[in-house]
Each structure stands twice: as C-alpha cells, then as structure tokens.
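Values below: all heavy atoms of this structure, side chains included; hydrogens, waters and symmetry mates excluded.
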Amino acid sequence: MRYLTDGLWQALILIFSFDREVYQIVLTSLYCSLTATFLGSAIALPLGFFIGGFEFRGKASLVTLFNTFMALPTTVVGLMGYSFLSRKGPLGFLGLLFTPWAIILGETILCIPIITSFAISVTQGIDTKVRDTALTLGASPMQSYLAVVREGRIGYLVAIVAGYARVVAEVGAAMMLGGNIKGFTRTIPTAIMLETSKGEFALGIALGIILIFLAFSVNIVLHRLRALGE
C-alpha cells in the first residue's frame, strides 16, 4: 500500500506545483477534445435536426445506424483513421498522422453519432405545434425552424456535452492516430497508459485525478442543463 500512498502524495505535489509536463498534457487533451466536439457538433446538430424533423424514406434505418455507431469502438476508429492517413493511404499526402489533428479527426468521428442521436431524440420530442404556431403568427419558414431550435436548446446543449464526455477520456484513437508523442500528441488517457506500463504511478495518478475532475465537471454541467430543461 505504501507505493500507492507515496504515488498519491507525489501526484498532489505535481498538480499543485503546476508541473509543466502535467499541464501540457492536460492542455493537449483539452485542445483535441474541445475542437473535436466543436467540429462534431457543427456536423451532427444540423444532421440530427433534419433526421428528427422531417419524414423521408429510410429514416428508421438511418436512426438505427446512428444508434449503433454510438458504441463504435475507439480502436476501430483508430484503425480506420490510420489506414486513411498512413503514407500509403488515400489521405497520406496530408501528413496528418501522428499530429493533434489526426486525434481530432478520430474523436470527431466518435462524437458525431452520439450528438446526432441525441439531437434526433430532442427534435422528435418537440411539439409540432411550435412550428405551426410560429407560421400562423407570420414567421418565415426559416424563423419557424429557429423557433423549434430555441424550444430544444437545452436538449441540444446536453447532446454537445454528451459528445464531449465521449471523447475526453477515449484512448484507442488517440493512441493509434496521435502516437503518444511527448510534448506534441500526448493526451491524458494515453499518458496514463504509458506511465502505468513504466511503473511511474505519480504522474499517472495526477493525470487520473485531473481526468476524474473533468468527468465530474461534465456531469455537473449535464445535471444543471437537465434541471434548466425541466
């Protein structure tokens, strides 16, 4: 047990002494996960709004597909990304492999199904009278759709936060696409794996504490958003 207590003590020293390596890893992790969430939301929210708000052939199959991809394994995304971004792959000429943008690409793919599925549910749950009422009051078609979006704004924010929660702690795609390069592509989950394999528990525990704090913060945000929506 002594090595655990020693590791925890050293981890607290690393956190509160603002150790440069620790916070560089945290910043890299936040940069990749927040950028991926932003890009994923820009794609998934309009897509979820369209699928949830309109009737068309194949809609049920499309919803099932996105629900299935919510559980997409991160290593599969990493494998797909690697095959496309490697030197022999169709996107190899971009030189993105083992860069933060490769991680962002993988995490964007991971969060799109989650945000889309949440957005579909939110849109389908909004009363159709909202749009009809807006049109009756003289709103243009675009203004009527904006009224629907305004009605479901809390639900859409919950969808974004859920997408962020999916990518902030993922390790498979970050490891395979980023390469876990110190000072460049090393994120919190990949650094924890590396330090654990080396038997260096202090840095791993410090990053684990920060990761738990981030997850706790996400849950607080989700709780408050849901409370606002009720």
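For Thr99 (side chain) and Gly95 (main-chain N/O), no donor-acceptor pair under 3.5 Å exists by modelled atom type. Proximity of a side-chain donor or acceptor of Ser29 to a complementary backbone N or O of Val26 within less than 3.5 Å is not detected.
Contact of the Leu47 side chain with the Ile115 side chain is not registered, since no non-hydrogen atoms from C-beta on lie closer than 4.5 Å. Looking at heavy atoms from C-beta onward, Tyr31 lies in side-chain contact with Ile104 at the 4.5 angstrom threshold. With contacts defined as side-chain heavy-atom distances shorter than 4.5 Å, the pair Ile188/Leu214 qualifies.
Heavy atoms of other residues, nucleotides or ligands lying less than 6.0 angstrom from CE of Met193 number 12 at most. By the neighbour-count criterion of 12 heavy atoms within 6.0 Å, atom CZ of Phe16 is sparsely surrounded, having that number or fewer from other residues, nucleotides or ligands. Counting heavy atoms of neighbouring residues, nucleotides and ligands inside a 6.0 Å radius, atom OH of Tyr23 exceeds 12 of them. Counting non-hydrogen atoms of neighbouring residues, nucleotides and ligands closer than 6.0 angstrom, the NZ atom of Lys182 reaches no more than 12 such neighbours.
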Listed pairs under 3.5 Å, donor-acceptor, residues 156-164 side chains, sequence neighbours left out:
| unit_1 | atom_1 | unit_2 | atom_2 | d |
| --- | --- | --- | --- | --- |
| Tyr156 | OH | Thr123 | OG1 | 2.8 |

For a side-chain contact (heavy atoms from CB on, under 4.5 Å) check, start with the C-alpha distance between Ile181 and Arg186, then their side-chain angles and the critical distance, and finish with the verdict. CA-CA 5 Å; Ile181 302 170; Arg186 186 164 295 172; over 6 Å; no
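Criterion: ILVMFWY side-chain heavy atoms under 4.5 Å apart, direct or through other members. Under it, Met80 and Trp101 are not part of a common hydrophobic cluster.
For the residue pair Thr187 / Thr190, a side-chain donor-acceptor distance below 3.5 Å is found, with atom types taken as modelled.
A salt bridge does not link Arg166 with Glu170: none of the charged nitrogens is closer than 4.0 Å to a carboxylate oxygen.
Aromatic ring centres of Phe54 and Tyr145: separated by under 6.0 Å.
Within the model, atoms NE2 of His223 and CG of Asn219 stand 10.5 Å from one another, a figure rounded to the nearest 0.5 Å.
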